[in-house]
Amino acid sequence: MDEQPRLMHSHGVGMAGHPGLAQHMQDGTAGTDGEGRKQDIGDILQQIMTITDQSLDEAQARKHALNCHRMKPALFNVLCEIKEKTVLSIRGAQEEEPPDPQLMRLDNMLLAEGVAGPEKGGGSAAAAAAAAATGGIGADNSAEHSDYRAKLSQIRQIYHTELEKYEQACNEFTTHVMNLLREQSRTRPISPKEIERMVSIIHRKFSSIQMQLKQSTCEAVMILRSRFLDARRKRRNFNKQATEILNEYFYSHLSNPYPSEEAKEELAKKCGITVSQDVIVLTVVSNWFGNKRIRYKKNISKFQEEANMYAARTAVNATSVSAHGSQANSPSTPNSAGELRALIKGCWVLLALLTCQTPETCS
DNA sequence: ATTTATGATTCGGA
DNA sequence: TCCGAATCATAAAT
């Protein structure tokens, strides 16, 4: 390249002995018209150097002439190559960065919440799960549920609208820049590769804007969720029928009021606890029995009336079902390992005997 | 407004 | 992991 200053001052003559640029372009082919080509290049360079001295019209005409010159593509390629080697190699280092973990986290969350992805997906499931925590009895929470769903779908809609807008803006801008660069590539050494690189830079910028949208959408969902979930402490009493069923089980299993998993499920079904998540259903029943046991034990006399009532009812049911020994399933006579374990564990029978409050011992 | 009832949560222990 | 105990928070009763 150190040939260039001399070339520029050579006024297009006497290029012999200075192959330099010409050799680069011609792959060193030495032919009969080799001298002529060198002459050409000298001319071109001379024209470029003096273009600023000319009038505007003259310069335009000259520009056009140069653009159409047969040597132009070769010159363009060389300049692109040089540029590639210098500027772009530096910038190229910071390319191909791995996918942003934060962006992935946001994407996953949006997908999980049903904001992104298919139309009616995990969103309602998440709402159902949250609704289940509010008490989960029957249709009591349907109002809150639909409220949650409505708000979520609102967020969802905004998110998609904005995302589409961003996408469109990104495409428009990309097209614009590409056109601009293509246009400029007539006068500047801009290779297709460089255009491609520019496009990817634009996409990166826009995706960082998209991330902000995702971020704020996630925040909105979190706020909505927390507000909805905070309502879980809003106690919602079981309806009378459900309480009766639970009490019935409790007092008829007073010696061992620890329903198994299956029993819990059945009780939940009978009580009309209809929630998609079994775990929560079981928790609700377990909570009830936990509370009941401890509160019964704490103040047995207070529950005496209730106990008698349910016991009487159970007795009536039992006799109507089978006329003979309803004593068979009487909890006061533990005849299985499970009941004995329960006896040791909670001393329920002992307590009942001491206070003589359970119907089994009083009858 | 205060009290009671009750479903849920937390925490330590077996 | 389940239970008991204590506690929280709120619905329902007073």
Side-chain angles (χ1 to χ4, degrees), chain A residues 125-148 222-311 313 331-332 334 336-355 357-358:
Chain A
T134 66
I137 292 295
D140 284 353
N141 50 30
S142 64
E144 286 176 52
H145 188 142
S146 64
D147 191 38
Y148 177 87
M222 290 303 270
I223 288 166
L224 178 65
R225 239 177 112 77
S226 76
R227 204 169 44 189
F228 193 74
L229 241 51
D230 278 351
R232 75 198 153 154
R233 273 197 176 273
K234 274 194 173 183
R235 192 166 51 74
R236 187 143 292 179
N237 288 357
F238 295 156
N239 60 43
K240 209 173 173 184
Q241 201 190 348
T243 311
E244 276 187 25
I245 289 164
L246 291 169
N247 271 319
E248 210 167 287
Y249 185 96
F250 179 79
Y251 286 112
S252 64
H253 298 75
L254 201 52
S255 67
N256 183 29
Y258 299 87
S260 65
E261 191 144 316
E262 294 80 37
K264 281 180 198 169
E265 265 183 83
E266 190 170 332
L267 283 167
K269 207 173 4 171
K270 270 202 242 172
C271 294
I273 304 174
T274 52
V275 155
S276 57
Q277 304 227 337
D278 291 348
V279 187
I280 296 166
V281 169
L282 295 183
T283 307
V284 169
V285 177
S286 299
N287 282 342
W288 190 92
F289 274 91
N291 284 319
K292 190 73 187 180
R293 280 193 299 265
I294 201 159
R295 281 162 187 163
Y296 177 84
K297 208 172 83 172
K298 239 181 188 169
N299 191 354
I300 292 177
S301 59
K302 201 175 78 181
F303 288 90
Q304 186 177 2
E305 203 180 329
E306 191 180 65
N308 287 338
M309 192 188 85
Y310 280 102
R313 191 185 302 183
S332 67
S336 71
E339 296 221 346
L340 280 170
R341 255 205 311 278
L343 181 73
I344 297 157
K345 189 178 182 179
C347 296
W348 282 91
V349 177
L350 185 60
L351 274 165
L353 282 168
L354 283 170
T355 53
Q357 276 163 350
T358 55

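Treat the numbers as computed from the prediction; the structure is a model and nothing was measured. Lettering of chains follows the sequences in order, A, B, ..., and the numbering in each one begins at 1.
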Subject >> Nearest-nucleotide pick for A/Arg295, side chain only, options being B/dG7, C/dC3, B/dA5 >> reply: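 Selected nucleotide: B/dG7.
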Original post:
Which nucleotide, C/dA5, C/dA6, B/dA8, lies nearest any side-chain atom of A/Lys298?
Top reply: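 Nearest to the side-chain atoms of A/Lys298, counting from C-beta on, is C/dA6.
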What's the [atom1]-[atom2] distance between [X] and [N], to the nearest Å?
X	N	atom1	atom2	result
A/Ile294	C/dA6	CD1	P	7 Å
A/Lys292	C/dC2	NZ	P	23 Å
A/Phe289	B/dT6	CZ	P	15 Å
A/Asn291	C/dC8	CG	C1'	12 Å
A/Lys302	B/dT4	NZ	P	10 Å
A/Asn299	C/dA5	CG	P	14 Å
A/Glu261	C/dC3	CD	C1'	15 Å
A/Lys264	C/dC2	NZ	P	7 Å

Original post:
Can you tell me if the side-chain N/O atoms of A/Asn287 get under 4.0 Å from OP1 or OP2 in B/dA8?
Top reply: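 Looking at the OP1 and OP2 atoms of B/dA8, one of them is under 4.0 Å from a side-chain N or O of A/Asn287.
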**OP:** Compare side-chain N and O positions of A/Arg236 against OP1 and OP2 of C/dT10 and report whether any pair is under 4.0 Å apart.
**Re:**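 False: A/Arg236 side-chain N/O out of range (4.0 Å or more) of C/dT10 OP1/OP2.
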Subject >> Test: A/Glu306 and A/Lys292 ion pair at under 4.0 Å >> reply: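 Salt bridge between A/Glu306 and A/Lys292, a charged N being under 4.0 Å from a carboxylate O: yes.
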Subject >> Separation between CE of A/Met309 and CD of A/Gln304, rounded to the nearest 0.5 Å >> reply: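 Here the interatomic distance stands at 13.5 Å.
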**OP:** Kindly check if the number of other-residue, nucleotide or ligand heavy atoms within 6.0 Å of CD (A/Glu244) is above 12?
**Re:**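 Enclosed.
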Original post:
Aromatic rings A/Tyr296 and A/Phe303: how do their planes relate, parallel, tilted or perpendicular, breaks at 30° and 60°?
Top reply: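 Ring orientation, 0 to 90° scale: tilted.
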